[in-house]
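Computed from heavy atoms alone, side chains included, the values below leave out hydrogens, waters and symmetry copies. Numbered from 1 within each chain, the chains take letters A, B, ... in sequence-line order.
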Number of protein chains: 2
Amino acid sequence: MSVVRIRTRDEILRVAAELFTRYGFKGTSLHDIAAEVGCSKATLLYHFAHKDAILLALIEPARQSLIDLVARLAGVDDKGVRDAAIEGFVDLVLRYRREVALIYDVTPQFLQEPAFDRVRELTDALVAGFAGRSADLADQTAAKVLLAGIAAVVIDDKRDEGELRPALVVVARRALIPGKD
Amino acid sequence: MSVVRIRTRDEILRVAAELFTRYGFKGTSLHDIAAEVGCSKATLLYHFAHKDAILLALIEPARQSLIDLVARLAGVDDKGVRDAAIEGFVDLVLRYRREVALIYDVTPQFLQEPAFDRVRELTDALVAGFAGRSADLADQTAAKVLLAGIAAVVIDDKRDEGELRPALVVVARRALIPGKD
DNA sequence: GTCTATACTTCGATAGAC
DNA sequence: GTCTATCGAAGTATAGAC
């Protein structure tokens with residue numbers, strides 16, 4: 001029945017998230033996941049076409065949130081877009097820390113996956129937001145540095161969201177607000 | 001003879017660097033390297049104990065430069081350490097762009113390698129330098145963001161060193177110089 | 001519709017001949 | 001120092017049980 005299907009599928013995702021986070025994507029075999037779930041490798045591949053599809057399913061919610069954020073920023077005027085982008089992105093990566101870590105674990109290997117097709121244009125839009133839609137190359141470079149740096153810190157730093165959030169917003173504002181040095 | 005040994009070894013490194021850069025570490029098999037070099041897989045593994053050892057040999061010069069930079073920063077006083085760290089790090093990653101990209105390609109998988117044992121303490125020393133040896137958590141967070149962000153941009157951005165260097169130094173200074181927002 | 005058994009392919013690595 | 005042959009493990013694929 002579909003209840004069982006969903007249960008098994010969810011259990012696979014739960015176990016895979018745990019093992020991918022602990023041992024990395026490449027460090028976790030289908031055999032490992034199947035053993036922990038209590039099923040066979042073939043059962044995994046009944047629910048997911050291949051190993052990659054398990055990871056893509058895990059990061060899908062984060063990807064949707066990124067799409068939503070970029071859509072929201074499109075409606076913000078040039079004056080407010082920088083702050084909206086900074087706060088929106090910091091909130092997003094703090095909310096999806098595990099997913100961000102998984103994405104970093106498998107890039108650049110996964111960048112050619114169809115599911116990643118639009119990710120490049122999404123991050124480009126975010127960079128434009130961080131740069132306040134400036135055409136200046138130095139502003140865009142600063143935006144790229146902050147975007148990648150914030151994501152990396154959220155993965156690596158174990159402090160909780162309450163401590164991390166203000167520090168990340170402050171450094172982004174300080175680096176991206178022009179005419180201060 | 002040793003001349004031949006060195007020639008083959010160097011050729012393996014040359015080909016491996018090219019293939020790793022183009023297809024990624026995981027996307028390049030020993031078979032691929034051997035075919036391009038014109039030898040067998042067993043010959044590769046005569047010169048290098050395992051596949052990982054080829055990559056470690058490729059990034060060794062960059063690792064040595066990082067050790068040198070950290071040693072140099074230890075002799076700089078608190079007042080000048082931030083600028084020295086920023087300029088030293090930007091120069092280093094621009095000099096070893098290919099190696100930095102290779103490292104990012106294989107982390108976090110390689111972080112447990114013995115050769116990476118001291119890398120964590122080296123980057124910690126660099127973070128302290130970026131933060132001007134401040135004990136403030138917000139300063140240290142800003143330092144981590146800039147360090148990771150600069151490395152990521154150097155990998156991703158195809159502009160040459162002359163264009164990139166000033167933009168990177170400026171954003172780091174702006175973000176890390178306190179009392180400006 | 002859900003799952004098992006099993007076979008196929010590729011990969012990193014080893015053994016032993018020359 | 002280099003080769004051929006082969007191993008074990010991993011990801012993948014499919015036929016068929018229930």
Given atom [atom1] of [X] and atom [atom2] of [N], what is their separation to the nearest angstrom?
X: A/E11; N: C/dT2; atom1: CD; atom2: P; value: 16 Å
X: B/L45; N: D/dT6; atom1: CG; atom2: P; value: 18 Å
X: A/R9; N: C/dC3; atom1: CZ; atom2: C1'; value: 16 Å
X: A/F48; N: C/dT2; atom1: CZ; atom2: C1'; value: 14 Å
X: A/D52; N: D/dA13; atom1: CG; atom2: P; value: 11 Å
X: B/I33; N: C/dC11; atom1: CD1; atom2: C1'; value: 12 Å
X: A/R7; N: C/dG1; atom1: CZ; atom2: P; value: 19 Å
X: B/H31; N: D/dT6; atom1: NE2; atom2: P; value: 17 Å

Could you tell me if B/R159 and A/T141 have a donor-acceptor pair between their side chains, going purely by distance under 3.5 Å? yes

Tell me whether the side-chain N or O atoms of A/K51 pair up with the base of D/dT12 as donor and acceptor below 3.5 Å, since no angle test is needed here.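 No such pair is found, so the answer is no.
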
Look only at the side chain of B/R63 and the backbone of B/A115, and say whether a donor-acceptor pair between them is shorter than 3.5 Å. yes

Name the residue closer to the 5' end of DNA chain D, choosing between B/C39 and A/K41 according to the nucleotide with the nearest heavy atom.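 Result of the comparison: B/C39.
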
Are [X] and [N] close enough that a side-chain N or O sits under 4.0 Å from OP1 or OP2?
X: B/S40; N: D/dC3; answer: yes
X: A/H47; N: C/dC3; answer: yes
X: A/T43; N: C/dT4; answer: yes
X: A/T8; N: C/dT2; answer: no
X: B/Y46; N: D/dG1; answer: yes

Scan A/S29 against the nucleic acid and name what it touches under 4.0 Å (heavy atoms): base, sugar-phosphate only, or nothing.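 Sugar-phosphate, no base atom in range.
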
Of the listed nucleotides (D/dA13, C/dT14, C/dG12), which one gets closest to any side-chain atom of A/A42?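 Minimum distance to the A/A42 side chain belongs to D/dA13.
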
Of C/dT4, D/dT4, D/dT12, the nucleotide closest to the side chain of A/H50 is D/dT12

Charged N to carboxylate O below 4.0 Å: is that the case for A/K158 and A/E163? no

Between A/I12 and A/V37, what is the shortest heavy-atom contact and its length? CA-CG2, 4.0 Å

Between B/S134 and B/D139, which heavy-atom pair has the shortest distance, and what is it? OG-OD2, 2.7 Å

